[in-house]
Every structure is written in structure tokens, then in C-alpha cells.
Protein chains: 2
Amino acid sequence: MNGIKNMVRERLELHGIKPSMQRMAVMEYLMTHRTHPTAEMIFTDLYPDMPTLSKATVYNTLNLLVERGVVRMITIEEKNARFDACMDPHIHFRCRECGAILDVNVEAHWVPAMPAGVTVDMSETYCIGYCAECNQKRVN
Amino acid sequence: MNGIKNMVRERLELHGIKPSMQRMAVMEYLMTHRTHPTAEMIFTDLYPDMPTLSKATVYNTLNLLVERGVVRMITIEEKNARFDACMDPHIHFRCRECGAILDVNVEAHWVPAMPAGVTVDMSETYCIGYCAECNQKRVN
DNA sequence: TTCATTTTTAGAATTATTCTATTTTTATTT
DNA sequence: AAATAAAAATAGAATAATTCTAAAAATGAA
């Protein structure tokens with residue numbers, strides 16, 4: 001039995017995070033929804049099944065997960081932060097028109113040469129333009 | 001006489017932006033301060049010399065400049081947007097400890113292969129870690 | 001059980017940004 | 001130059017994402 005719950009628990013414990021119900025729920029949500037959700041979306045979707053869930057808990061949990069390097073925060077959109085549990089190397093694309101955020105897989109992430117003494121422990125690349133669908137419509 | 005004011009005016013007009021006093025002031029500020037300031041910082045610094053300046057005008061101007069591709073908006077920090085008038089290829093580094101944001105020059109910006117039909121008109125790479133000074137202190 | 005620690009919670013507080021409605025400035029026409 | 005139209009700037013209110021606060025609940029240890 002290697003269900004999703006076990007994978008979620010393992011991943012939390014691996015990073016020294018006690019797997020409470022709420023943390024498991026948020027983590028499972030991120031692992032099963034590759035949609036780069038906002039904190040709000042996560043809360044709204046979990047709420048019906050966890051009516052005592054608080055938005056503060058979602059924020060607390062997301063902050064903890066990001067701090068511990070379990071998920072990444074994506075700031076490709078000024079308005080609100082988005083979250084991504086996929087740690088495989090990939091970058092994000094945002095469509096100016098429809099707002100969609102797409103994953104784009106890459107071999108490895110690009111980290112340019114840094115000034116002496118500077119160490120990098122994470123990097124993100126954001127590309128912005130028009131997605132295939134919106135490009136179609138623009139031609140007409 | 002190729003003063004800064006002329007360069008500022010030219011750059012605005014080149015992008016079809018009417019060079020009002022306020023727009024010139026914001027643009028000149030960005031061209032002479034490579035500090036990746038927030039809208040707030042720009043307002044606060046300009047205000048003493050332009051006591052009728054409104055924060056809304058600073059935001060309006062920055063939004064216009066970004067829309068027209070005259071400056072870039074940097075979202076390396078969730079809290080507030082930062083702005084950069086330097087359009088030479090470079091990426092940004094943020095220190096986890098002291099919060100400093102540094103420019104790191106690169107030959108050309110990395111844009112990985114996109115899915116068919118997707119077009120990219122701008123891209124940003126953000127690296128996060130520890131700057132040289134903070135690394136020093138951490139060793140001790 | 002009792003006590004201490006951690007986690008969750010609701011709602012208030014904060015804060016960056018946008019919106020609204022008005023005023024000022026600039027440009028155009030007579 | 002006066003009148004009109006259009007664009008830009010302004011003050012302050014409104015919005016909304018996130019954090020904070022203080023209390024309650026859950027967990028773990030003695």
C-alpha cells in the first residue's frame with residue numbers, strides 16, 4: 001500500500017515537519033493539483049471537507065513548506081503567490097492574455113555565474129508571452 | 001548638451017509616452033537609481049521636491065512604463081513589486097539574509113524551448129541565496 | 001492526570017495596489 | 001485669446017492578499 005497519503009506523510013517527515021491533518025491536506029492538494037494554486041484556491045477547495053479549516057492555517061502551512069524547501073512559491077504574477085509541489089527542474093510560463101500558467105520542462109535549471117562569495121540555493125525562471133490558443137485568436 | 005533629462009525624454013517619447021513632469025521624474029529616478037526601488041521608495045524620495053505628487057501617479061506611471069516595455073517589474077520578493085529601468089540582459093539575485101537585490105550580468109537571457117505555438121516576449125530569472133557579506137558572517 | 005509545547009483557529013490589523021470622482025494641465029478649435 | 005475637448009494628476013476611499021494576535025484545541029511527556 002503505497003497510497004498518496006503515505007507519500008505525503010513521508011515527504012513531510014523527510015523535511016522534519018509533523019504531519020498534522022491540515023498539513024497533510026495542504027500537501028496532498030499540492031501534490032495532486034498541478035495547477036499552481038493560490039492560498040485562496042487551496043482553502044476554498046479544502047474547506048467543504050474540512051469546515052473548521054482556517055485560512056491562517058493554510059498560510060502558515062504554505063510558509064512552513066516553502067521555508068523547509070518542500071514546495072516552491074511562484075511569484076510570476078504580482079497579485080498573489082502561487083505554489084508548486086513539483087520539484088523536478090522546470091520553469092513557468094504565463095500568458096498575458098488568458099493568465100494561464102504552464103510548466104515548461106528543462107534539463108536543468110540555469111544558474112548564471114555569480115559574483116565571488118555568493119551562493120545560490122534556488123532559482124526560478126519566468127517567461128511571459130502568449131500561449132498557443134491566444135496566439136491563434138490574435139492572428140484573426 | 002546630452003543631459004540626463006534629454007535621455008529621459010527621448011526614452012519616453014521613443015515609446016509613445018508623453019513626457020509630463022511626473023513621468024520624467026519617475027523615469028529619471030529609475031535611470032539614476034539602480035536600486036530596484038519599490039513604488040513607495042520612489043514616491044518617498046521624489047515627494048520633498050514635488051510636494052503635490054500623488055502616490056497614484058507613481059503607480060499609474062510605473063504601470064504605463066511597464067506596459068510599454070520601458071522598464072521591467074521585478075517580482076523576486078512577494079511583498080512588493082520592484083522596478084528596473086536597465087534593459088541590458090541581466091538577472092536578479094536576492095539575499096535571504098539581508099534582502100539585498102543584486103544585478104548579475106549575463107551574455108543573453110535564457111529562454112528554454114517552449115511548447116509549439118507559445119511565444120515569449122519577456123523572461124526573468126531570479127536566484128535566491130546568500131550574498132558574499134552574509135556568507136562571511138554565517139561561517140563564524 | 002497534569003503540565004508544557006505545538007498547532008490551529010477566528011477575526012482584527014496591516015499594507016500594497018487599484019479605483020473613483022474631481023481638479024488640473026495640455027492641446028485644439030474658433 | 002477664449003472656449004472646448006482630451007489627457008494627466010490628485011486625494012482619499014476601497015480592495016484584497018497576507019500577517020498578526022490572542023485564545024482554544026490538540027499533542028506529547030512526566
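To find a chain, count down the sequence lines: A is the first, B the second, and so on, and within it residues start at 1. Any value given below was found using the heavy atoms of this structure, including those in side chains, with hydrogens, waters and symmetry copies removed.
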Does the side chain of [X] get closer than 4.0 angstrom to OP1 or OP2 of [N] through an N or O atom?
X	N	value
B/Thr52	D/dT10	yes
A/Tyr59	D/dT18	yes
B/Lys79	C/dT17	no
B/Gln22	C/dT25	no
B/Asn60	C/dT18	no
B/Ser54	D/dA9	no

Nearest to the side chain of [X] - [options]?
X	options	value
B/Ala56	D/dT10, D/dT19, C/dT8	D/dT10
B/Ala39	C/dT17, C/dT9, D/dT10	C/dT17
A/Asn80	D/dA7, D/dA17, C/dT8	D/dA17
B/Ala81	D/dT19, C/dT17, C/dT8	C/dT17
B/Arg23	C/dT18, C/dT6, D/dA9	D/dA9

May I have the distance from [X] (atom [atom1]) to [N] (atom [atom2]), rounded to whole angstrom?
X	N	atom1	atom2	value
A/Ile74	D/dA17	CD1	C1'	17 Å
A/Leu53	D/dA25	CG	P	16 Å
A/Arg82	D/dA16	CZ	P	16 Å
A/Glu40	D/dT18	CD	P	9 Å
B/Ile17	D/dA7	CD1	P	15 Å
B/Phe43	D/dG12	CZ	P	11 Å
A/Met21	D/dA25	CE	P	18 Å
B/Asn63	D/dA8	CG	P	14 Å

Residue met sooner reading DNA chain C from 5', once B/Lys55 and A/Lys55 are mapped to nucleotides: A/Lys55
Min side-chain heavy-atom separation [X]-[Y] under 4.5 Å:
X	Y	result
A/Ile91	B/Thr125	no
B/His36	B/Arg94	no
B/Met27	B/Val71	yes

Sugar-phosphate only, base, or nothing, as touched by B/Ser20 at under 4.0 Å among non-hydrogen atoms: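 Result for B/Ser20 = sugar-phosphate.
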Sugar-phosphate only, base, or nothing, as touched by B/Thr38 at under 4.0 Å among non-hydrogen atoms: nothing
Candidate list A/Leu30, A/Thr35, A/Ile74, test side-chain contact (heavy atoms from CB on, under 4.5 Å), partner A/Asp84, passing option: A/Ile74
Mutual orientation of the aromatic rings belonging to B/His92 and B/Tyr126 [parallel < 30°, tilted 30-60°, perpendicular > 60°]: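 It falls in the tilted class, 30° to 60°.
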Test item: side-chain donor near acceptor, A/Asp45 and A/His33, under 3.5 Å: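 The criterion, which ignores hydrogens and geometry beyond distance, is not satisfied for A/His33 and A/Asp45.
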